[in-house]
Amino acid sequence: MTAKLLQYKLVAFVLLLMLLLVGGFAMLHLRQFDRMTELWAQQLTEALHSSFRQELAQTQARYLYRAQGFVQTNREIVAAFVRRDREQLAILLEGKLRTLQREDAYFVALTLLTPDGEVFFCSRGTPPPSRNLGHLPFVRRALQQHPAQPLASLTRTTAGLSLAVGVPLSDGEQLSGLLLLQIRPQRELDRFARLHGIDSALFIQSDKLPASPLQQQEHSNGLVCVAATAQFPASVAQREQLLNATPNQRLSGADGASFLRLPALSLEGPDGARIGQLVSQWDVSHLRQDFCRSLRLALGLGALVLLAVSGLLYRGVGRLLRRLQRLHSELEQRVQQRTAELQQLNRQLEHEIEERRQVQRALEILSRQDGLTGVANRRHFDQMLARELAAARRSQAPLSLLMIDLDYFKQYNDCHGHLAGDVALKQVATALQQALRRPRDLVARFGGEEFICLLPETRLMAAAQVAERIRQLVRRLPVGGEPEDPSAAGLLPQETHLTISIGVAGLSPADAAGGQALIGRADAALYRAKQAGRDRVVLMPGPALEPD
């Protein structure tokens with residue numbers, strides 16, 4: 001690689017690193033901006049909810065005072081209502097209603113109800129949406145309280161959700177009806193929409209909403225939108241998405257705008273039960289656009305500075321590379337010489353490591369295997385017995401053990417020699433391994449001419465069958481050739497085959513005996529086989545085990 005090419009690559013690497021740092025800086029600031037936006041959203045949400053509740057309280061107080069004053073100063077209207085003179089009542093209320101609508105754009109309707117909840121007059125037109133409003137909780141509470149008192153609350157009506165103010169009308173001491181004023185609770189929502197870009201909607205539970213001829217779309221979660229600011233999403237799909245979103249979740253509008261879904265405010269009726277919720281979204285598109293514009297400007301200025309620094313870096317790197325080339329030629333010979341030495345040392349170390357691995361593998365085999373017969377040794381058998389005993393306890397499975405001893409083995413050694421005795425032990429071990437075919441069955445040399453077999457998940461009678469098969473297989477093994485000591489040959493009861501005695505013990509799921517107790521049972525069974533004349537299989541059931 002030429003110095004010029006290396007110079008170019010080094011400068012390119014530094015530029016790339018600086019670009020990555022600048023990009024990370026930009027991403028960090030974007031994340032910080034998002035966190036600040038969520039903090040602002042939380043503060044605006046608290047302000048909106050507080051202002052909404054405060055506006056409801058102020059509107060209630062204002063309209064209660066206005067309604068009480070209306071009743072006290074308009075005796076003719078009250079008298080016409082008491083007489084049930086609908087025509088006179090409409091004439092007297094015409095100017096009053098125009099004044100209310102002119103003074104407050106959020107005023108909805110003035111309704112006069114009879115003591116049984118029947119709508120006698122409604123400023124929204126005739127016939128009214130419902131002939132009887134006695135089923136509404138607010139109306140029922142206002143008409144049934146004794147003595148009748150003015151009442152105001154956020155309530156459900158046939159027109160949706162309203163701030164209702166009710167003032168009782170009486171002729172002397174008898175209740176003549178109820179004056180009901182309805183105001184849309186949307187004033188503060190519209191103000192926050194104008195000032196902060198927060199669009200809100202009031203949703204009522206459909207099962208809490210009285211029947212109405214208005215066409216209202218019910219959403220999947222059982223909510224119906226009864227009032228909304230001008231910029232609140234109009235489509236059902238967008239409202240569904242907003243209702244199902246989590247607080248502070250970012251949503252995208254149809255025109256690419258970005259919105260933040262604010263936490264909802266639960267709405268309660270006059271009886272304190274939840275009737276709906278106030279759902280709001282905050283348009284953060286302009287905030288993010290302004291921030292991105294400022295960030296792009298800062299990145300542009302940074303790019304100009306970066307180009308200037310790159311020019312200076314290019315010249316400095318060129319001088320540095322020329323000096324490094326001189327040093328490189330001096331160090332190359334030293335590196336080659338040192339590399340050759342290290343390679344030689346590495347080969348020696350690899351050879352030593354391989355030798356140690358082989359020794360370790362041999363030691364591992366010796367720790368588990370009998371050196372003469374190649375089967376498991378006593379130490380490995382004890383480990384496997386403890387493991388299989390624990391497994392049998394967990395799975396409630398049987399466990400059997402075979403204790404095997406070569407008959408007249410001392411005489412066999414005296415007759416044929418110790419080398420032939422070793423051959424006989426190897427032949428018996430091979431026969432045992434051939435007879436036990438399952439992966440978990442284990443053959444081990446227990447000591448001297450004794451072998452032991454571990455049979456997991458094997459009942460006593462099945463183990464006895466395996467033992468008989470082993471005995472027959474050993475009988476077919478040849479003896480060790482011509483005797484070395486003819487005088488000792490007479491001590492052997494047989495000269496043409498080997499024989500073994502086998503003691504069989506089992507452990508049932510109900511047996512609480514341990515490993516040593518099981519070995520003791522098998523050893524006792526082997527002793528009985530020896531006492532009974534050898535070359536046989538004897539079973540030793542446990543206290544809770546009977547032969548199958």
Side-chain angles (χ1 to χ4, degrees), residues 44-75 77-78 81 93 95-113 121-124 133 136-170 175-195 198 200-202 204 208 226-227 229 265-278 280:
L44 285 174
T45 301
E46 294 175 356
L48 172 62
H49 293 174
S50 177
S51 298
F52 180 73
R53 293 192 183 96
Q54 186 176 1
E55 174 61 27
L56 287 180
Q58 292 176 355
T59 304
Q60 287 180 8
R62 185 170 59 253
Y63 271 89
L64 271 174
Y65 178 77
R66 177 175 291 184
Q68 289 175 324
F70 181 87
V71 173
Q72 294 174 1
T73 58
N74 294 274
R75 296 298 181 180
I77 295 176
V78 175
F81 171 67
L93 284 174
K96 301 293 183 180
L97 291 173
R98 283 198 302 267
T99 302
L100 286 173
Q101 293 170 352
R102 184 172 60 253
E103 291 177 351
D104 191 351
Y106 294 92
F107 175 75
V108 177
L110 181 149
T111 306
L112 293 173
L113 304 177
F121 176 85
C122 181
S123 63
R124 293 177 61 87
L133 302 182
L136 296 179
F138 178 83
V139 175
R140 185 170 60 250
R141 181 180 175 187
L143 293 174
Q144 292 179 355
Q145 66 177 351
H146 299 288
Q149 297 291 332
L151 186 65
S153 174
L154 192 67
T155 185
R156 309 174 298 274
T157 66
T158 54
L161 185 69
S162 298
L163 178 61
V165 175
V167 176
L169 302 176
S170 62
L175 180 66
S176 300
L178 181 68
L179 170 64
L180 184 64
L181 299 180
Q182 299 177 44
I183 306 96
R184 284 188 294 117
Q186 199 174 332
R187 188 190 316 275
E188 201 63 17
L189 305 183
D190 291 339
R191 189 176 75 87
F192 265 79
R194 292 192 305 270
L195 294 179
I198 296 179
S200 307
L202 298 171
I204 302 299
K208 305 293 186 180
V226 294
T229 56
L265 173 65
S266 179
L267 303 178
E268 298 178 352
D271 53 356
R274 185 178 183 272
I275 60 174
Q277 59 182 347
L278 168 63
S280 305

Partners of Asp104 by salt bridge (charged side-chain N to carboxylate O under 4.0 Å, His left out), sequence neighbours excluded? Arg187

Ser200 backbone acceptor or donor facing Thr229 side chain under 3.5 Å: yes

Any side-chain heavy-atom pair from [X] and [Y] closer than 4.5 angstrom?
X	Y	value
Pro185	Leu154	yes
Asp190	Tyr106	yes
Ile183	Ser162	no

What residues form a side-chain contact (heavy atoms from CB on, under 4.5 Å) with Ser50, not counting sequence neighbours? none

Dump the intermediate steps for side-chain contact (heavy atoms from CB on, under 4.5 Å) on Leu48 and Leu44, then the final yes or no. CA-CA 6 Å; Leu48 172 62; Leu44 285 174; over 6 Å; no

Taking all non-hydrogen atoms of both residues into account, name the closest pair between [X] and [Y] and its distance.
X	Y	value
Leu178	Ala142	CD2-CB, 3.8 Å
Leu151	Phe138	O-CZ, 3.5 Å
Leu56	Leu163	O-CD2, 3.8 Å
Leu267	Phe52	CD2-CE2, 3.9 Å
Gln68	Pro150	NE2-CG, 3.0 Å
Leu179	Ala67	CD2-O, 4.2 Å

side-chain contact (heavy atoms from CB on, under 4.5 Å) between Leu278 and Leu189, intermediate numbers included: CA-CA 10 Å; Leu278 168 63; Leu189 305 183; 3.8 Å; yes

From [atom1] ([X]) to [atom2] ([Y]), nearest 0.5 Å:
X	Y	atom1	atom2	result
Gln58	Arg53	CD	CZ	14.5 Å
Arg191	Ser51	CZ	OG	5.5 Å
Leu93	Phe81	CG	CZ	11.0 Å

Output, in order, the C-alpha distance, side-chain angles, deciding distance and verdict of side-chain contact (heavy atoms from CB on, under 4.5 Å) for Leu265 and Gln277. CA-CA 5 Å; Leu265 173 65; Gln277 59 182 347; over 6 Å; no

Test of understanding: with side chain to side chain donor-acceptor pair (under 3.5 Å), list the residues that count as partners of Glu103, not counting sequence neighbours. Arg66

Apply the test side-chain contact (heavy atoms from CB on, under 4.5 Å) to residues Thr155 and Gln182: give CA-CA distance (whole Å), side-chain angles for both, the deciding distance (0.1 Å), then the verdict. CA-CA 9 Å; Thr155 185; Gln182 299 177 44; over 6 Å; no

